[in-house]
Amino acid sequence: MEFTISVDYPFSLEYSLESGQAFRWQNTGSWWVGVVAGRVLKMRQEGDLLRCASGSDDVDASFVRDYFKLDVRLEDVMASIMRDENVTKAVQTFYGLRLLRQEKWECLASFVLATNANIPRIRGMIQALCARYGKPLQFEGIEYHEFPGPEALSMAPIPELRECGLGYRAEFLRQVARSVDEGRVDFSELSMMGYEDARAALLRKLPAGKVLPGVGLKVADCALLYSFDMDEAFPIDVWVARAVSKLYPDLARAAVAKTFASPHSKLSARDYERLSARLRSYFGPFAGYAQQYLFMAARSEGTPQGGAPKRTPTSRGR
DNA sequence: GTCCAACCTGTATC
DNA sequence: AGATACAGGTTGG
């Protein structure tokens with residue numbers, strides 16, 4: 001199935017796919033190829049045209065429009081978050097960046113894996129998991145894999161998961177998979193709640209322990225922002241914390257001063273809460289978009305490593 | 001309630 | 001070559 005979508009609104013395929021929301025897209029020269037909801041999707045942007053191809057015939061324009069949230073009026077979003085020149089600049093630099101509407105399970109699982117890892121590593125873990133547990137898909141003579149469902153992962157032996165490079169995250173992922181598989185969290189219920197309630201539900205503790213171990217404030221915010229359409233969620237990772245402390249010292253104040261005081265102390269739960277609440281009220285109902293633009297800006301600027309690869313490939317010379 | 005070290009491991013950097 | 005630092009944090013003490 002091949003089709004074209006015309007875009008007469010702000011949209012950048014590249015920025016949207018490279019903004020660290022989704023981990024499975026690959027740039028193969030002139031095309032982006034990803035697996036979305038069990039379908040291989042190949043895309044490229046040519047000015048105001050979006051060329052799409054997929055092996056599945058149920059992948060059509062509305063499928064793509066849904067995933068990229070193309071019906072969101074980004075002009076309105078931008079206008080609403082541009083409260084000062086910092087965001088304004090980031091919004092202009094990454095003009096057309098949109099939040100995606102990802103699959104809920106994949107998104108939650110991915111961000112459980114993302115803790116204390118960097119993006120190349122996260123991609124590697126997910127790639128390995130998909131290759132091992134995901135249903136194979138063929139497209140243009142190449143094999144791809146679905147993201148494995150909760151059922152498959154809940155049964156996976158821990159050593160096997162570790163072989164995928166998960167490390168200590170293996171236990172978390174399996175338990176999360178089990179909780180989802182056994183219905184202790186219900187995504188359709190969550191999606192009907194407000195942001196605060198949904199987040200509380202994700203963080204829920206039972207007498208037996210956490211329903212979703214490995215899901216803390218930041219992971220919950222990512223899941224809600226990237227797959228539940230909760231645009232006010234404002235995940236704060238180290239990059240955003242850096243950006244915010246630099247650009248909004250008044251908002252960040254106590255919280256981040258502490259973070260920088262000692263070498264690698266992270267934001268405490270309390271500071272995270274306080275800071276993200278302030279940022280939500282500062283940026284408004286689309287605060288999550290502001291977060292994404294600021295994240296991109298921070299990464300493109302002060303990258304200790306990992307932002308713009310300035311190195312030539314080390315083919316392990318010898 | 002809050003603070004802190006420990007946690008796997010790939011990659012970059014020295 | 002070998003060591004160390006650091007990653008889109010969370011957990012248990």
Side-chain angles (χ1 to χ4, degrees), chain A residues 18-23 99-100 102 107-129 158-176 199 202-205 208-226 233-245 254-256 258-276 279 288 291-318:
Chain A
E18 278 191 334
S19 58
Q21 314 172 55
F23 300 104
L99 293 180
L100 308 173
Q102 300 186 56
C107 186
L108 179 63
S110 296
F111 282 96
V112 167
L113 300 181
T115 66
N116 209 16
N118 53 25
I119 289 179
R121 170 115 194 259
I122 300 164
R123 296 174 64 95
M125 291 188 271
I126 293 173
Q127 165 58 34
L129 275 181
I158 295 297
E160 249 182 60
L161 291 174
R162 282 177 174 260
E163 282 171 25
C164 297
L166 304 202
Y168 64 88
R169 302 165 193 80
E171 311 262 7
F172 293 162
L173 181 66
R174 192 171 72 170
Q175 186 52 49
V176 168
R199 194 178 63 167
L202 286 173
L203 299 175
R204 184 162 56 116
K205 260 186 230 172
K210 283 204 66 171
V211 175
L212 303 174
V215 178
L217 290 164
K218 192 269 180 182
V219 172
D221 274 337
C222 287
L224 294 175
L225 179 61
Y226 300 137
F234 199 106
I236 305 175
D237 55 51
V238 296
W239 292 99
V240 172
R242 275 178 208 148
V244 167
S245 69
V256 182
K258 209 182 305 172
T259 303
F260 285 140
S262 60
H264 32 259
S265 85
K266 323 267 178 171
L267 225 48
S268 71
R270 180 157 184 270
D271 289 338
Y272 184 106
E273 280 280 34
R274 248 210 321 226
L275 181 53
S276 69
L279 290 162
Q291 178 270 161
Q292 207 64 27
Y293 286 106
L294 293 173
F295 174 73
M296 287 290 270
R299 277 189 70 88
S300 69
E301 277 178 33
T303 151
Q305 37 103 335
K310 313 179 189 182
R311 269 167 37 79
T312 54
T314 11
S315 54
R316 68 174 203 81
R318 256 241 101 235

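Letters A, B, ... mirror the listed sequences (proteins, then strands); counts begin at 1. Just so it is clear, the values below take in all heavy atoms, side chains as well, and ignore hydrogens, waters and symmetry mates.
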Residues in side chain to side chain contact (heavy atoms under 4.5 Å, CB included) contact with [X], at least two apart in sequence or another chain:
{"X": "A/V211", "result": "A/S179, A/R184, A/V185, A/R204, A/L206"}
{"X": "A/E171", "result": "A/I158"}
{"X": "A/R123", "result": "A/F23, A/Q26, A/I119"}

Indicate, with a heavy-atom threshold strictly under 4.0 Å, whether [X] touches base, sugar-phosphate, or nothing.
{"X": "A/V112", "answer": "nothing"}
{"X": "A/V215", "answer": "sugar-phosphate"}
{"X": "A/F23", "answer": "nothing"}
{"X": "A/S110", "answer": "nothing"}

[X]: what forms a side chain to side chain donor-acceptor pair (under 3.5 Å) with it, not counting sequence neighbours?
{"X": "A/T115", "result": "none"}
{"X": "A/Q21", "result": "A/S19"}
{"X": "A/S110", "result": "none"}
{"X": "A/Q292", "result": "A/Y226"}

(message) Using a strict threshold of under 4.0 Å (side-chain N to carboxylate O), is an ion pair present between A/D271 and A/R274?
(response) yes
(request) Give a yes/no answer on whether the side chain of A/K210 brings an N or O atom under 4.0 Å of OP1 or OP2 in C/dT11. (result) yes
Can you measure [X] atom [atom1] to [N] atom [atom2] for me and round it to whole angstrom units?
{"X": "A/K205", "N": "C/dT10", "atom1": "NZ", "atom2": "C1'", "result": "11 Å"}
{"X": "A/L217", "N": "C/dT10", "atom1": "CG", "atom2": "C1'", "result": "10 Å"}
{"X": "A/R270", "N": "B/dC4", "atom1": "CZ", "atom2": "P", "result": "14 Å"}
{"X": "A/K266", "N": "B/dA6", "atom1": "NZ", "atom2": "P", "result": "14 Å"}

(message) Dot-bracket for DNA chain C, please. Rules: Watson-Crick or G-U, both distances under 3.5 Å, ( ) within the strand, [ ] when a pair crosses earlier ones, | for another strand, . otherwise.
(response) .||||||.|||||
(message) For a quick test of reading the model, state the closest non-hydrogen atom pair linking A/A114 to A/I122 and the distance between them.
(response) CB-CD1, 3.6 Å
(request) Using heavy atoms to find the nearest nucleotide of DNA chain C for A/F172 and A/F295 separately, return the residue whose nucleotide is more 5′. (result) A/F295
(message) Would you measure the distance from the P atom in C/dG13 across to the matching atom in B/dC8 and give it in whole Å?
(response) 14 Å
(request) Sticking with atom P, work out how far B/dA5 lies from C/dA5, rounded to a whole angstrom. (result) 14 Å
(message) Checking the side chain of A/R169 only, and the main-chain atoms of A/G214 only, is there a donor and an acceptor separated by less than 3.5 Å?
(response) no
(request) With sequence neighbours left out, write down each residue that passes salt bridge (charged side-chain N to carboxylate O under 4.0 Å, His left out) with A/E273, or none if nothing qualifies. (result) A/R199
(request) Measure distances between side-chain N and O atoms of A/R121 and base N and O atoms of C/dC6, and say whether any donor-acceptor pair falls under 3.5 Å. (result) no
Every protein N/O lying under 3.5 Å from an N/O of nucleotides 2-4 of chain C:
none

(request) Name every residue in residues 160-171 of chain A that has at least one heavy atom under 4.0 Å from any atom of DNA chain B, in order of residue number, or write none if there are no such residues. (result) A/R162, A/G167, A/Y168, A/R169
